[in-house]
A.B. asks: 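So that we are looking at the same thing, I have put the structure below in structure tokens.
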Protein chains: 2
Amino acid sequence: MRKLTNWLISKITKMEKATDTEQKILNAAKLVFQEKGMAGARMQEIADKAGINKALLHYYFRSKEKLFRKIFEEIVQKFLTPIISEMNSEKPLEVKIWTFAESYMNMLTANPHIPLFMMHELHSNPKALQEIAHKNISLNGALLQKQINEEVAKGNFKPISFLELIVNMLSLSVFPFVAKPMLKAVFGIPDEKFNQLIEQRKIAIPKLIIAGLKADCN
Amino acid sequence: MRKLTNWLISKITKMEKATDTEQKILNAAKLVFQEKGMAGARMQEIADKAGINKALLHYYFRSKEKLFRKIFEEIVQKFLTPIISEMNSEKPLEVKIWTFAESYMNMLTANPHIPLFMMHELHSNPKALQEIAHKNISLNGALLQKQINEEVAKGNFKPISFLELIVNMLSLSVFPFVAKPMLKAVFGIPDEKFNQLIEQRKIAIPKLIIAGLKADCN
DNA sequence: GTCTATAAAGGGATAGAC
DNA sequence: GTCTATCCCTTTATAGAC
């Protein structure tokens with residue numbers, strides 16, 4: 001009986017330690033991969049940041065490749081889900097435009113490295129997304145286009161394809177985070193001023209997008 | 001006399017070969033570095049693409065680091081010079097906006113990998129640009145701001161900082177090239193449709209920017 | 001200048017003890 | 001589960017012949 005109890009305790013302890021360690025690894029890996037990319041990341045650095053050693057990394061995730069995929073999938077999800085679910089919602093078009101900019105830039109402010117990381121890795125391995133993309137809900141372009149066309153019919157908006165609209169919104173929202181190092185260097189912008197710029201864009205972007213849509217602006 | 005002639009011919013031949021080989025290396029390195037980034041690039045691949053062997057790479061450029069810097073500087077120049085010289089020109093503001101979008105996207109169409117490469121490398125080594133930036137002419141923000149303020153005073157434009165304006169123009173023009181792999185995967189866009197999108201944006205971007213500036217659009 | 005061969009370092013992955 | 005020690009392949013860089 002005593003033996004059984006000890007066995008249980010040990011088992012549970014190990015399980016807790018396991019999930020704990022696994023989480024520490026994932027957190028460390030997320031940091032390092034986002035900072036250096038797949039090619040630039042070093043298993044040693046991930047181990048150090050997680051407070052363990054390389055061997056244990058391979059015990060949990062058999063290879064660098066496997067560990068990377070896990071992180072990559074998670075980040076792709078985080079990047080795409082908000083866009084897709086917002087655009088697929090039944091809200092009125094103008095509401096979507098307003099809420100998307102604010103909520104998305106909030107997410108990016110909390111995770112500023114996501115866009116550049118994702119774009120870079122996607123560029124060096126375009127097939128990687130194909131599989132992941134199919135696991136997710138996909139964007140309902142038809143719905144969005146229908147909403148646009150309704151506004152056009154009412155004489156409120158000029159015609160535009162949903163793709164153009166999304167590219168415009170993504171460009172204006174995401175690019176500053178991708179270009180942050182350049183903006184800092186070329187214009188000498190300190191962090192504080194960058195944050196102000198982002199804050200201000202949560203309002204400026206919807207305004208710009210809508211001004212571009214309005215039929216009475218030539 | 002015959003000997004001297006031969007020596008000269010050999011010397012000249014070697015010189016020609018030298019600049020020729022150097023150029024082949026630089027071209028190959030440009031391709032590989034842009035495709036894989038500094039960390040992902042392999043000297044072997046550069047040598048193969050240049051039609052020579054690794055040893056010769058090190059003969060011309062002592063290290064991967066040195067070769068990379070050369071390429072990186074050239075690309076930064078190519079990315080920044082058009083923006084800066086266009087914005088520093090004395091043309092009227094609206095003309096700048098129109099010509100920038102078209103000429104810049106033409107350059108990017110011919111060199112589609114430049115933005116992502118530059119952003120990625122700048123992210124992993126922010127100090128690198130500091131030195132390069134100082135070698136170049138810098139953007140004259142005061143001139144641009146003066147032009148904006150004049151239009152505001154005339155009642156044509158709403159107030160905006162030159163930084164916001166530039167970030168908007170850069171975002172809309174550059175982001176599609178950075179996001180191309182994602183757009184292809186998520187929206188299933190083939191190359192041909194992507195090119196159409198870019199072509200169409202040469203006109204759509206200036207229109208959008210100016211609609212956002214016009215005082216009579218709310 | 002260009003090559004082949006090789007040194008030297010880096011870094012992912014495994015063996016085996018605890 | 002976690003560690004130390006080590007393997008071994010990859011990749012940068014150099015030596016030396018032609």
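It should be emphasised that the depicted structure is a prediction, and the values quoted were computed from it without experimental measurement.
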A.B. asks: Would you say D:dT10 has OP1 or OP2 under 4.0 Å from some side-chain N or O of B:R42?
C.D. replies: no
A.B. asks: Could you state the CG-C1' distance from B:L57 to D:dT11, rounded to the nearest angstrom?
C.D. replies: 13 Å
A.B. asks: Provide, to the nearest angstrom, the distance between the CZ atom belonging to B:F61 and the P atom belonging to C:dT2.
C.D. replies: 12 Å
A.B. asks: Would you mind telling me which of B:I97, B:I205, B:L208 makes a side chain to side chain contact (heavy atoms under 4.5 Å, CB included) with B:M169?
C.D. replies: B:I97
A.B. asks: Using a 4.0 Å heavy-atom cut-off, does B:A47 contact any base of the nucleic acid, only the sugar-phosphate backbone, or nothing at all?
C.D. replies: nothing
A.B. asks: Residues in ring pair (Phe, Tyr, Trp, His ring centres under 6.0 Å) with A:F79, at least two apart?
C.D. replies: A:Y104
A.B. asks: Would you check if the distance from the ring center of A:F33 to the ring center of A:F68 is below 6.0 Å?
C.D. replies: yes
A.B. asks: With no hydrogens and no angle check, is any side-chain donor or acceptor of A:N53 less than 3.5 Å from a backbone partner on A:L56?
C.D. replies: yes
A.B. asks: Just the table, please: protein N/O against nucleotides 13-18 of chain D N/O, every pair under 3.5 Å.
C.D. replies:
unit_1	atom_1	unit_2	atom_2	d
D:dA13	OP2	B:H58	NE2	3.1
D:dA13	OP2	B:K64	N	2.8

A.B. asks: Indicate yes or no for a side-chain donor-acceptor contact from B:N106 to the backbone of B:A101 under 3.5 Å, with no hydrogens or angles considered.
C.D. replies: no
A.B. asks: Between atom OH in B:Y60 and atom C1' in C:dC3, what is the gap in whole Å?
C.D. replies: 13 Å
A.B. asks: Does any residue of residues 31-40 of chain A have a heavy atom under 4.0 Å from DNA chain C, and if so, which ones, in number order?
C.D. replies: none
A.B. asks: Just how far, in rounded Å, is P of C:dT2 from CG of B:L56?
C.D. replies: 5 Å
A.B. asks: Return the value, rounded to whole Å, for the distance between atom CG of A:N53 and atom P of D:dC3.
C.D. replies: 5 Å
A.B. asks: Can you tell me if the side-chain N/O atoms of A:T21 get under 4.0 Å from OP1 or OP2 in D:dG1?
C.D. replies: no
A.B. asks: How many whole angstroms separate atom CD of B:E45 from atom C1' of D:dT10?
C.D. replies: 14 Å
A.B. asks: I need the CG-P distance between A:D48 and C:dG12, as an integer number of Å.
C.D. replies: 12 Å
A.B. asks: For A:K78, I'd like to know if atom NZ has over 12 heavy atoms of other residues, nucleotides or ligands within 6.0 Å.
C.D. replies: no
A.B. asks: Specify the closest pair of heavy atoms between A:L116 and B:M119, including all atoms of both residues, with the distance to one decimal.
C.D. replies: CD2-O, 3.6 Å
A.B. asks: Are any side-chain N or O atoms of B:Q145 and backbone N or O atoms of B:F162, one a donor and one an acceptor, separated by less than 3.5 Å?
C.D. replies: yes
A.B. asks: Take a 6.0 Å sphere around NZ of A:K70 and say whether it holds more than 12 heavy atoms from other residues, nucleotides or ligands.
C.D. replies: no
A.B. asks: Output the rounded distance in Å from CD (A:E22) to P (D:dT2).
C.D. replies: 11 Å
